[in-house]
Amino acid sequence: MVIDTTKANPWLPWPSVHPQAPLRLFCFPYAGGGASMFRSWSRELPLEVDLRPIQFPGRERRLREDPYTHIMPLVHATKQALLPYLDKPFAFFGHCLGALVAFELSRQLQAEQHLQPTILFVSGHRAPQMPDRFTPAHRLSDAEFAAELRQRNGTREEVLQNPDVMHLVLPLLRADFTVCETYTYTPGELLRCPIVAFSGAGDKAVLPEELVSWSAMTSGPCATQTFPGDHFFLQTARSQLLQRLTRDLAQIKLEPPVSP
């Protein structure tokens with residue numbers, strides 16, 4: 001089936017910038033974040049990369065939709081939305097919640113569709129088999145939840161300091177935290193694609209051993225890199241991150257994906 005990938009849909013909110021590019025890069029946002037955080041990346045990535053930011057329900061243009069609170073329904077819905085766009089080589093980049101979704105989506109595509117990303121970039125999240133060191137926060141009161149967000153340094157300070165914005169985003173943040181905190185890793189077939197795992201040097205949520213442990217999730221190669229900054233290093237160390245993505249994407253051998 002031929003799909004017009006230049007048209008927007010709720011999960012891919014903007015038309016393709018480089019529809020003829022040989023590689024699609026799908027980007028999955030962090031908890032509380034939306035697709036807009038990635039939109040400007042296309043200006044710094046090679047023309048051979050078709051950047052496609054993912055928009056989960058409950059944010060930005062999909063604000064009126066209920067966000068997901070469990071990961072597998074979110075992964076399944078994302079898969080159904082993206083399948084028509086996986087007809088050429090593709091890569092995944094996910095940060096925080098997005099890393100977890102991109103990982104489980106990669107597993108599901110490999111197991112059910114015999115498809116896999118050419119490379120999986122996971123950022124700002126511990127390896128999924130590693131236990132969560134934090135006490136679950138998604139059931140706390142609003143005040144306690146906001147205090148916990150500040151303590152973890154996982155939410156931008158300009159959001160935390162704006163009562164009107166907090167009123168809007170707290171339900172979404174709580175839903176996204178529920179997705180992450182109710183997640184349980186289930187052992188299964190290893191991915192076969194390369195994994196590259198990133199973290200910020202000051203990110204309390206990802207210890208060095210939790211980053212390198214991503215290597216246990218693939219039979220292929222795994223690399224790691226730590227950037228200056230905290231959980232939001234992808235903003236403060238943006239240039240370095242995009243340089244790394246450009247380098248790794250340029251090394252991919254672009255072969256059509258194999259499907260059943």
Side-chain angles (χ1 to χ4, degrees), residues 1-5 7 9-13 16 22-29 31 35 49-58 62 65-123 125-130 175-176 178-197 213-222 249 252-260:
M1 176 169 53
V2 177
I3 300 294
D4 183 358
T5 57
K7 292 184 178 180
N9 71 35
W11 295 83
L12 299 166
S16 173
L23 175 71
R24 291 191 180 112
L25 173 62
F26 296 95
C27 294
F28 303 78
V49 177
D50 183 20
L51 181 73
R52 301 311 305 264
I54 304 298
Q55 191 75 284
F56 295 147
R62 306 185 71 181
E65 300 179 49
D66 291 333
Y68 283 85
T69 56
H70 291 86
I71 192 166
M72 295 319 294
L74 174 56
V75 168
H76 178 74
T78 307
K79 181 189 70 175
Q80 293 304 114
L82 296 190
L83 271 176
Y85 300 84
L86 305 184
D87 57 336
K88 65 168 62 176
F90 62 94
F92 288 160
F93 174 94
H95 185 75
C96 183
L97 166 67
L100 205 55
V101 173
F103 167 70
E104 285 293 347
L105 177 58
S106 298
R107 296 177 87 194
Q108 200 168 107
L109 287 171
Q110 178 174 290
E112 299 179 2
Q113 308 295 328
H114 303 286
L115 290 169
Q116 59 181 320
T118 55
I119 188 168
L120 171 63
F121 297 105
V122 287
S123 172
H125 199 286
R126 69 187 187 281
Q129 79 279 19
M130 302 294 284
D176 286 354
T178 303
V179 171
C180 293
E181 294 177 344
T182 59
Y183 171 79
T184 301
Y185 170 72
T186 302
E189 181 183 9
L190 295 179
L191 293 176
R192 295 187 291 274
C193 63
I195 293 178
V196 182
S213 293
W214 276 102
S215 63
M217 295 295 99
T218 183
S219 60
C222 182
L249 292 171
I252 294 173
K253 293 182 179 180
L254 298 179
E255 299 176 356
V258 178
S259 58

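Counting heavy atoms from C-beta on, the side chains of T182 and T69 never come closer than 4.5 Å. In this structure, L100 and P128 have side chains that are in contact, with non-hydrogen atoms separated by less than 4.5 Å. With a 4.5 Å cut-off on side-chain heavy atoms, L190 and Q110 do not count as touching. Considering only heavy atoms from C-beta on, L109 comes within 4.5 Å of F90 through its side chain. With contacts defined as side-chain heavy-atom distances shorter than 4.5 Å, the pair I54/L82 qualifies.
Nearest approach of P13 to P53, heavy atoms of both residues: CD-O, 3.5 Å. A pairwise comparison of heavy atoms in T78 and L74 identifies OG1-O, 2.7 Å as the closest pair. The heavy-atom pair separating S106 from P117 by the smallest distance is OG-CG, 3.5 Å. The shortest non-hydrogen separation linking Q129 to S213 is NE2-O, 2.9 Å. Contact record, H70 with V179: N-CG2, 3.7 Å, taken as the closest heavy-atom pair. For T218 against C222, the heavy-atom pair with the smallest separation is CG2-CB, 4.4 Å.
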| request: Start with the C-alpha gap between D176 and F56, add the side-chain angles, then the distance that decides, and say whether side-chain contact (heavy atoms from CB on, under 4.5 Å) holds. | output: CA-CA 10 Å; D176 286 354; F56 295 147; 5.9 Å; no
| query | Which is it for R52 and S16 under the side-chain contact (heavy atoms from CB on, under 4.5 Å) test, yes or no, and what are the steps along the way? | reply | CA-CA 7 Å; R52 301 311 305 264; S16 173; 3.6 Å; yes
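Residues in residues 89-107 take part in these salt bridge (charged side-chain N to carboxylate O under 4.0 Å, His left out) pairs, two or more places apart or across chains: E104-R107.
Summarising the geometry, atom OG1 belonging to T178 is positioned 12.5 Å from atom CD1 belonging to I71; distances are rounded to the nearest 0.5 Å. With rounding to the nearest 0.5 angstrom, the CZ atom of F121 is 4.5 Å from the CG atom of L249. If you take CE on M72 and NZ on K79, they are separated by 8.5 Å, rounding to the nearest 0.5 Å. Rounding to the nearest 0.5 angstrom, the gap separating the CG atom in L120 from the CE atom in M217 is 11.5 Å. Here Q55 contributes atom CD and C27 contributes atom SG; the two are 12.5 Å apart, rounded to the nearest 0.5 Å.
Counted by atom type alone, N9 and Y85 present one or more donor-acceptor pairs between their side chains at under 3.5 Å.
Side chain of S219 to main chain of L191: a donor-acceptor pair is present (N/O by atom type, distance under 3.5 Å, no hydrogens or angles).
For the pair R62 and W11, the distance from NZ or CZ to the six-membered ring centre is under 6.0 Å and the angle to the ring normal is within 45 degrees.
Each of W214, Y183, F92, F28 was compared with F103 under the ring-ring contact (aromatic ring centres under 6.0 Å, His included) criterion, and only W214 meets it.
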